[in-house]
A.B. asks: 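Before we start, here is the structure in question, set down as structure tokens.
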Amino acid sequence: MHHFQYRQGRLYGEEVPVEAIVKDVGTPVYIYSRATLTHHFQVFDGAFSSIPHLTCYSVKANSNLAILALFGSLGGGVDIVSGGELFRARRAGIAPAKIVYSGVGKTREEIDDALSEDILMFNIESRQELEAISQRAQALGRTARIALRVNPDVDPKTHPYIATGMEKNKFGIRVDEAIESYRYAMRLPHIKVVGIDCHIGSQLTDTQPFVDALKRLRILMERLYALGISVQYLDLGGGLGIPYADEEPPHPVEYAKAILKEMNGLSCTLIFEPGRVLVGNAGILVTRVLYTKTTPTKHFIIVDAGMNDLIRPSLYGAYHHIQPVVPYERDEETVDVVGPICESGDFLARQRTLPRVEPGELLAVMSAGAYGFSMSSNYNSRPRPAEVLVDGSTYHVIRHRETREDLVRLEKIPPM
Ligand code: LLP
């Protein structure tokens with residue numbers, strides 16, 4: 001469900017014609033819908049209303065302050081993976097008591113910042129990290145609340161780059177090492193064991209891997225309980241997929257049902273770290289056609305957004321639906337939609353059937369709200385796009401388009 005629909009032959013974001021935003025802000029531009037974001041949060045969070053839980057939005061999916069503040073205003077917390085994300089979350093007004101911190105490579109400086117903020121918990125990914133956090137907590141006279149991120153070794157059946165809960169992945173602590181690590185953590189004076197955590201991957205389209213992971217965590221929790229170690233939080237990570245093409249991922253209510261069935265008898269607060277499912281379909285990337293070009297084997301549509309703006313097609317071969325902002329009744333063509341970047345891997349779509357488009361027209365790349373802007377770069381010295389949040393019949397620029405001055409702001413030419 002999203003609020004990007006045609007009305008009288010033109011694409012709208014909620015009540016605002018996309019062309020009006022483009023006229024004002026230019027292209028390429030990311031446009032998000034507040035109503036969609038709100039709806040997604042409320043549906044996900046509401047699906048777990050029967051039990052104590054905290055929905056910690058995964059900041060990496062889309063880190064704009066306005067989005068963080070919106071989820072914060074709806075009662076959400078956040079899942080962070082860096083000091084930068086902690087900074088953003090705090091700037092957006094997220095309470096430290098609603099921040100969980102994941103990631104395999106937390107630096108001393110990042111650990112210190114999170115300890116000083118007194119965040120809800122660290123999701124710890126290795127024995128060495130546990131030791132580092134313990135030492136820093138001792139040095140700062142603090143106590144770190146922690147969960148161990150357990151690697152349950154289940155196959156999430158997703159793209160290998162975004163599968164994280166298999167033994168061969170770098171994430172988490174192996175189930176059969178977890179008990180020993182928990183016992184060790186319990187002996188550390190500045191560490192308070194409060195939780196258990198896992199995150200098995202992203203863009204999952206089936207509930208079974210989540211259920212399998214939860215089953216393994218349950219067994220572990222029962223073994224810990226028998227040893228006198230009880231945890232208050234069970235963090236199941238993120239990963240619920242969205243429809244990009246013809247996938248049929250479980251609805252959050254279906255996901256919740258599957259989880260809640262397995263929870264039977266367990267009394268702890270559930271934490272979730274959804275990213276994509278909250279923001280993915282709530283955003284589009286609007287780009288203008290610069291040129292078209294036909295070779296003996298291809299029709300190319302050359303647009304002003306490239307892999308630096310949206311890397312998912314190039315990096316994962318990801319599918320994003322592309323549709324004209326103003327659709328015309330024209331013959332269909334099979335085209336490659338490509339960007340201006342000097343790499344053949346710079347494409348938004350390959351072998352895609354679209355009604356013929358002309359230079360100057362606008363295309364909307366759909367489902368671009370997650371891992372779109374947040375993975376963008378300045379490659380080829382391209383200023384990054386503006387971001388706009390539509391809200392009913394108004395809209396706000398929530399990030400200005402970068403300028404050329406922004407590109408060189410931190411650079412300096414030494415004496416030559
Ligand atoms: N929690 C942890 C610890 C994570 O590593 C992630 C995502 C999430 C939560 C949120 O997962 P989600 O609900 O969004 O699936 N760039 C890739 C996705 C990478 C996901 C990384 N971790 C893409 O564009 O598909």
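We use all heavy atoms of the structure for the numbers below, so side chains are in, but hydrogens, waters and symmetry mates are not. Counting convention: from 1, in listed order, for ligands and their atoms alike. If you're wondering where the values come from, they're calculated on a predicted model, not measured in any experiment.
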A.B. asks: How about D113 and S116: does a side-chain donor come under 3.5 Å of a side-chain acceptor?
C.D. replies: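 No.
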
A.B. asks: Report all side-chain donor-acceptor pairs from residues 261-268 shorter than 3.5 Å, counting only partners two or more places apart or in another chain.
C.D. replies:
none

A.B. asks: Quick one: do H320 and R312 satisfy side chain to side chain donor-acceptor pair (under 3.5 Å)? Show the steps, please.
C.D. replies: CA-CA 9 Å; H320 283 263; R312 303 193 70 256; 3.0 Å; yes

A.B. asks: Under 3.5 Å, sequence neighbours excluded: what are the donor-acceptor pairs made by side chains of residues 360-370?
C.D. replies:
unit_1	atom_1	unit_2	atom_2	d
E361	OE1	R330	NH1	3.1
E361	OE1	E358	N	3.1
E361	OE2	R330	NH1	3.3
E361	OE2	R330	NH2	2.8
S367	OG	N281	OD1	2.7

A.B. asks: Can you produce the list of protein nitrogen or oxygen atoms under 3.5 Å from a nitrogen or oxygen of ligand 1, alongside each distance?
C.D. replies:
unit_1	atom_1	unit_2	atom_2	d
ligand 1	1 (N)	D79	OD2	3.3
ligand 1	1 (N)	E273	OE1	2.6
ligand 1	5 (O)	K60	NZ	3.4
ligand 1	13 (O)	G239	N	2.8
ligand 1	13 (O)	G275	N	2.9
ligand 1	14 (O)	R276	N	2.8
ligand 1	14 (O)	Y371	OH	2.6
ligand 1	15 (O)	S202	OG	2.4
ligand 1	15 (O)	G239	N	3.4
ligand 1	16 (N)	Y316	OH	2.7
ligand 1	24 (O)	R312	NE	2.6
ligand 1	25 (O)	R276	NH1	3.1
ligand 1	25 (O)	R276	NH2	2.9
ligand 1	25 (O)	R312	NE	3.4
ligand 1	25 (O)	R312	NH2	2.9

A.B. asks: Side chains of residues 71-100: which donor-acceptor pairs under 3.5 Å do they make with residues two or more places apart or in other chains?
C.D. replies:
unit_1	atom_1	unit_2	atom_2	d
S73	OG	L70	O	2.6
D79	OD1	S102	OG	2.9
D79	OD2	S58	OG	3.0
S82	OG	G84	N	3.3
S82	OG	E85	N	3.0
E85	OE1	V81	N	2.8
E85	OE2	K60	N	3.3
R88	NH1	S63	O	3.0
R90	NE	E117	OE1	2.9
R90	NE	E117	OE2	3.4
R90	NH1	I94	O	2.8
K98	NZ	G75	O	3.2

A.B. asks: Using a 3.5 Å distance criterion without hydrogens, assess whether the side chain of R10 forms a donor-acceptor pair with backbone atoms of P17.
C.D. replies: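 No; judged by distance alone, with no hydrogens or angles, the pair does not exist.
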
